[in-house]
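Report on the following structure.
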Amino acid sequence: MAKRRTKSKGIFDPKLVKAALIDSFTKLDPRALWRNPVMLAVEIGSVVTTVNFVINLITGKGEPAWFTGIVSAWLWLTVLFATFAESLAEGRGKARAESMKKTRKEIMAKKLKKPEPGAEYELVPSTQLRKGDVILVEAKELIAGDGEVIAGAALVNEAAVTGESAPVVRESGGDRSAVTAGTLVIANSVVVRITANPGETFLDRMISLVEGAKRRKTPNEMALEVLLLALTVVFFLVVVNLSPLSLYSVKAMGKGQPVTLVVLVALFVCLIPTTIAALLPAIGIAGMDRLFQKNVIALSGRAIEAAGDVNVLLLDKTGTITLGNRQAVAFLPLAGCSEKELAEAALMASLTDETPEGRSIVVLAKQRYDLRMRELPLNAESIPFSAETRISGVNIDGHAFLKGAGDSIAGVVRSLGGTVPPELEGHVTDIAKSGGTPLVVSRDAEVLGVINLKDVLKGGIKERFLQLRSMGIKTVMITGDNPLTAAAIATEAQVDDFLAQAKPEDKLRLIRENQDRGYMVAMTGDGTNDAPALAQADVAVAMNTGTQPAREAANIIDLDSNPTKLLDIVEIGKQILMTRGTLTTFSIANDVAKYFAIIPAAFAPIYPQLGILNVMRLANPFSAILSAVIFNAIIIPLLIPLALKGTRYRPMPAERLLVYNLLIYGVGGLLTPFVGIKLIDLLINLLV
Amino acid sequence: MHANIIFDISQILALLIGVTLLVRPLGGYMKRVYQGEGVFLGPVLGPLEGALYRMSGVRKDEEMDWKHYAGAMLTFNLVTMALMFAILMLQGSLPLNPQKFPGFSWDLALNTAVSFTTNTNWQNYSGESAASYFTQVMALMVHQFLSAATGMAIVIAFVRGLARRTAETLGNFWVDMTRGVLYILLPIAFVAALVLVSQGVIQNFSPYKSVPLIQPTSYERPKLDANSNPIKNADGKPVTETVALQEQTLPMGPVASLEAIKELGTNGGGFFNANSAHPYENPTPLSNFLELLLILMIPAALTNTFGRMAGETRQGWAVYTAMLLLFVIAVGALYWAEYSGNPLVQKLGVGGYSMEGKEVRFGLGGSALFSASTTATSCGAVNTMHDSLTPLGGMVPMVLILLGEVVFGGVGSGLYTMLAFVIIAVFAAGLMIGRTPEYLGKKIEVTEMWMSVITVLTAGAVILALVAIALITPAAVRSMANPGPHGLSEVLYAFASQANNNGSAFAGLNGNTLFYNLTGSLAMLLGRFAPAVSVLAMAGSLAGKKYVPPSVGTLPTDQLPFIFWLVAVVLIVGALTFFPALALGPIVEHMIMQGGV
């Protein structure tokens, strides 16, 4: 797996904090704050109390100026903490965008007159390349634009985009033909057809994404904002209502003072859901950023949230569920042949076989019987595998050691005058049924036995599927294998379902069927023939090594090209929603304690009896109101780490997860401010 | 005096069990009615239903989208409201008016017309001294049927929105109205009226009767001069004269027929001013129990209708459980507060629990149960004077109303408001488990959130705004009978009751003034129709959505954790909105009472 692009820095990296601090002041502009109506309301409140403070200072009437002054200061801080959280979340992306911009310098491209390697070319600046142009890129040159290799093969260093320094092969045809602007050709040369105009390249899109320039609110974020806005309006009415309530009560009881404007604003700010509103933008940005740290680029925030909702996951067998290659796991000798004899013959037959399967036979023989052959005997003659014979092996000293498909070997043995024992058929079927590939071994005219080549599951994959199941996500394995083999592997890996002998149109149909049943479908793909299915899937992850059509059809790109990333993406999608939910619950649960702090304080002069509601025993009305305001403000920076890292997600059934989060953030949100406000009150009275 | 606790508790339990037993059969019956399936009354009422459609030109298979449905609902309510307004104004020249009552003033007529159209039944008039029999039957009672059927039609349309998949229509408003009245309200009200008559509720069109008193009595009355000012003696004290009473006037009327639908449709507008405390409306403990059952049965059973129509009966039971939980808490608190009584009175040697404003024939249990039931639902009928409850006891009905009439609530309106709360609870809970929130397989998105918050918060916003205006309007403050925190409670209760379409009153506030008639009308209209239209809009949006089948990752909304969460959301929204007002009203009044200040 690739290294992380950037080392994971702490959340409060001094450089980022400094930039964020500056940025958080520019964000105070009401035109910028307009996107966050709750915080805009706090800013308006701050202006009101500040004006009040100035009037207090000048006239000396009303409440003590120190009180209105401190309240105003903390209200401003509340807004600042919110803009700071957003700036801090954006900071990391911005820093990364800067470094990417540096690689996006203008270079000269060799534009070919005709789309063939030897054709004449002219030098044009990369900014003038258009879709459909064909360029030649030679060793030590940067690729000038996104495109597809149409001729040749080259070794390319893609570190600029993926952070991975090991070069990769890019060649025409097949699934590895896409090249990205800004990457470096190390060896050989290729002819590339440009597929993106300047400003629309992958690098450009990445830069604008991480800069957050194109950030749109997701539907879910908008729905949450409706709730927060509605609560703000109601609390505004509550506070407006409080003034006549106190006016009436003063008149009725004949004592005390009506509640002042500053106290009303303080109560208003404490009640409206500032905590979640302050952190809401940061949660979404940080989620995308966490994906980025895992080298995954989400082309829209919507795609990540959709990932959290996925019900069905389509996974390619090869490379995702199993290691890329089959491996020999057992030797099954026929009657009259020992297992060691079979192993020896198999070893011989595989001596010149450089395929991973062949190597695994050598390894197994060595492990089981300590058989080894350091070098090839001089008189050995290799019989290479061909599609026609479906057999490979070695001729040594006039003996032919062969291995291959059952019927092919049977044909050879019979042609040499040998007989095929009937028990072979049984072995072959058994292996196929168990999900393996049977490879029959013969020595001259004698069938010795069968090697069981098996798909080997990736380590830990079973546990991940178990987790997915407990999250309610169904996994479907897609494979070109026959149904028998597919079923065996599916059982072993514990996927819920499989699609065997899958053709591209089968994938598309499977996705449509699931979507018609109301499911959200995620899939990974890299080939051109995956593109239609990717376009259809709700969450489509394309491998960065994949073809350009696949990358265009997808809404998430995995720079590491590691298909199990889908699991991380699902997790982060869920985390974003959970963080929003838990902080909303926390924010609203906090209000209870704030009422108990402010209401007795505000009405103490009219109704001393309400002192019984002062359950925190706060020292005096001024410190009670201040404590609530200060708690309301400092809870924002205290929760920034949670907003940026996300609520921890543990896969468990929905109901248990709900109870767990309700206990922590609901009950916790109810109790925390009682403790917090009391502590601040104690501190204030220590200092004063 | 000692309360018979065992009797009271058995009465409470009997009611809870009785209502719960009715939920399934009545819920199933109503589902069959609204889905047009055969019911046992079909052979009798079917021809009548068909004739009504033919006469009015309604094509019963023609479905409406949400806009048409809402349009038909609003048009129908506006037209019938105008008719009622006309009857009230012209009462003096209409028949069946043996007492020769004149027409209502325009503002009172408006308030009353709005009140009965919106299922509120707030009464700024006294039935026996202002409304003719024609008014009582043709204007008020007719609307007790129509407003109840409207509420049920809206919730049924909403449930269809939840249950249907990628559909555009919600049913036919006219058909839903006709079936609701014909198959549900009329038959039950008919039977109930007969039973009430058996208990002594009257049903006639006779003029009021004068009957000699068995025990003649007398009282002192201040003497008035020619200008109706009290004459004072040399010491400045009013001069009084003794008046002997030989006979009393007994108001008459078609009470039983109105009484049945008054409870069944959670209307609450009584024939007499004393409402269900009057012996002609509610003569015996048995009639009291029957009225309680009538109040609760449809709102409770609709949860089952909802569950069945949505294809998941358990979801209906979950909502019912949440409602029942809140109801039990409320009844318990109310009973405890009244049982504890008033220490100031107890100091005077009048020991025991508070019986002020209660009828001896119902006792503490029958009174507390009625107060809780009538405010848990949006009924508003009373057999106890809520103004006379202890401060905390009086806070219970007030809180039940302020919660938004979701503890069973009004017929139809209670369930749809509760379902809006469910949507909000699902939204927050859904986020907490990391999924786009969904309810019954429908994704909750921006439209649903807008419509839910409007449904849930409109009444609260209206109450806060109007209470604020009333408290700084001198004319409005003068209407209070009691100064101080209790007067505040009266105003808060008045607007809470109207905005939530309850209709019961903390008596003591003179509501028949221009200010309260107009602001009250506004509160009732907004409190009824803003949620109603929002709910239909949400139904339209939900109906068009695809269905997402449940999986392990789906939030189970029929299990206890979610039920508790729903109860918590209802309580928290209510508490956060009204904590300051409650603190300065009933809570501080309680402290003052305890402190004896």
Side-chain angles (χ1 to χ4, degrees), chain A residues 219-220 222-224 226-227 230 233-234 237-238 240-245 247-249 252-253 271 305 308-309 311 469-474 517-519 573-575 577-578 580-582 584-585 588-589 591-592 595 599 603 607 609-610 612-613 649 653-655 657-659 661-662 665-666, chain B residues 424 427-437 441 444-446 448-450 453-454 457 460-461 464-465 467-472 477 483-485 487-488 546-549 551-556 559 561-562 565 568 572 575-581 583-584 587-588 591-592 594-595 597:
Chain A
N220 176 269
M222 278 167 10
L224 179 55
V226 168
L227 183 64
V233 171
V234 167
L237 288 172
V238 167
V240 166
N241 179 269
L242 212 56
S243 182
L245 278 182
L247 282 171
Y248 168 81
S249 302
M253 301 310 289
L271 289 179
E305 279 173 22
D309 289 348
N311 311 87
R469 194 165 305 122
S470 69
M471 287 153 67
I473 297 174
K474 183 178 152 189
R517 268 181 268 154
Y519 292 119
K574 282 188 180 295
Q575 270 190 328
L577 294 189
M578 277 172 57
R580 281 186 199 140
T582 51
T584 304
T585 308
I588 294 168
D591 281 356
V592 175
Y595 263 137
I599 292 293
F603 291 103
Y607 292 121
Q609 294 91 344
L610 282 179
I612 201 167
L613 294 180
Y649 178 73
E655 195 176 66
L657 194 57
L658 175 65
V659 174
N661 278 333
L662 274 182
Y665 297 95
Chain B
I424 291 173
F427 183 77
L431 287 184
M432 273 190 281
I433 60 160
R435 275 173 76 102
T436 301
I444 308 303
E445 289 164 303
V446 179
E448 286 71 36
M449 281 315 283
W450 268 121
V453 298
I454 292 175
L457 298 176
L464 289 172
V467 167
I469 293 171
L471 289 180
I472 51 175
V477 176
L488 181 68
K546 275 201 289 195
Y547 172 78
V548 184
S551 71
V552 203
T554 314
L555 175 77
Q559 302 291 318
F562 181 77
W565 171 237
I572 287 173
L576 292 184
T577 315
F578 297 109
F579 183 80
L584 295 186
I587 292 177
V588 81
M591 313 266 179
I592 293 173
Q594 292 294 328
V597 180

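So you know, we letter chains A, B, ... as the sequences are listed, proteins then strands, and number each from 1. Hydrogens, waters and symmetry mates play no part in the numbers below; they use all other heavy atoms, side chains included.
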Kindly indicate, with the supporting measurements, whether the criterion side chain to side chain contact (heavy atoms under 4.5 Å, CB included) is fulfilled by B/Leu464 and A/Val238. CA-CA 6 Å; B/Leu464 289 172; A/Val238 167; 3.5 Å; yes

Okay, side chain of A/Tyr248, backbone of B/Gly484: is any donor-acceptor separation there less than 3.5 Å? yes

What residue in A/Leu658, A/Leu271, A/Val659, A/Val233 has the most heavy-atom pairs under 4.5 Å with chain B? A/Leu658

For the candidates B/Ala575, B/Ala581, B/Pro549, which exhibits the highest count of non-hydrogen atom pairs separated by less than 4.5 Å from chain A? B/Pro549

Is B/Pro483 close to chain A through its backbone or its side chain, or both, or neither, when contacts mean heavy atoms under 4.5 Å? backbone

What I'd like to find out is whether the side chain of B/Met432 reaches to under 4.5 Å of the side chain of A/Met578, using heavy atoms alone. no

Do A/Val234 and B/Leu576 have side chains that approach each other closer than 4.5 Å (heavy atoms only, starting at C-beta)? no

Chain A interface, residue from B/Pro485, B/Gly460, B/Gly430 that has the most non-hydrogen pairs under 4.5 Å: B/Pro485

Could you tell me which portion of A/Thr585 (side chain, backbone, both or neither) has an atom closer than 4.5 angstrom to a non-hydrogen atom of chain B? side chain

With a 4.5 Å heavy-atom cut-off, do A/Leu224 and B/Leu431 have their side chains touching? yes

Segment of A/Leu245 engaging chain B (4.5 angstrom heavy-atom cut-off): both

A/Ile612, CD1 atom: more than 12 neighbouring heavy atoms under 6.0 Å: no

Given a strict heavy-atom distance threshold of 4.5 Å, which part of A/Asp309 is in contact with chain B: side chain, backbone, both, or neither? both

For B/Val446, which residues count as a side-chain contact (heavy atoms from CB on, under 4.5 Å) partner, sequence neighbours excluded? A/Met222, A/Ala223, A/Val226, B/Trp450

Name the option with the most non-hydrogen atom pairs under 4.5 Å to chain A; the candidates are B/Ala461, B/Pro556, B/Gly487, B/Ala470. B/Pro556

Proximity breakdown for A/Ile588 and chain B, heavy-atom pairs closer than 4.5 Å: both

Specify the closest pair of heavy atoms between A/Ala654 and B/Thr554, including all atoms of both residues, with the distance to one decimal. CB-O, 3.3 Å

Selection from A/Pro244, A/Ala230, A/Gly666, A/Ala252 maximising heavy-atom pairs under 4.5 Å formed with chain B: A/Pro244

Note, B/Pro561 side chain near A/Leu662 side chain (heavy atom, < 4.5 Å): no

Identify the heavy atoms of B/Ile592 and A/Gln609 that sit nearest to each other, and give their distance. CG1-NE2, 3.6 Å

Between A/Leu237 and chain B, with a heavy-atom cut-off of 4.5 Å, which part of the residue counts as in contact: side chain, backbone, both or neither? both

Check A/Leu610 against B/Ala583 and note the closest heavy-atom contact, atom names and distance. CD2-O, 3.7 Å

Who are the ring pair (Phe, Tyr, Trp, His ring centres under 6.0 Å) partners of A/Tyr595, not counting sequence neighbours? B/Phe579

Quick check for you: to the nearest 0.5 Å, what is the distance between A/Tyr649 atom OH and B/Ile433 atom CD1? 8.5 Å

Would you check if there is a donor-acceptor pair between the side chains of B/Thr436 and A/Asn220 at a distance under 3.5 Å? no

Can you say whether B/Tyr547 sits under 4.5 Å from chain A via the side chain, the backbone, both, or neither, judging by heavy atoms? backbone

May I ask you to test the A/Leu247-B/Ile472 pair for a side-chain heavy-atom distance under 4.5 Å? yes

Heavy-atom check, side chain of B/Val588 versus side chain of A/Phe603, under 4.5 Å: no

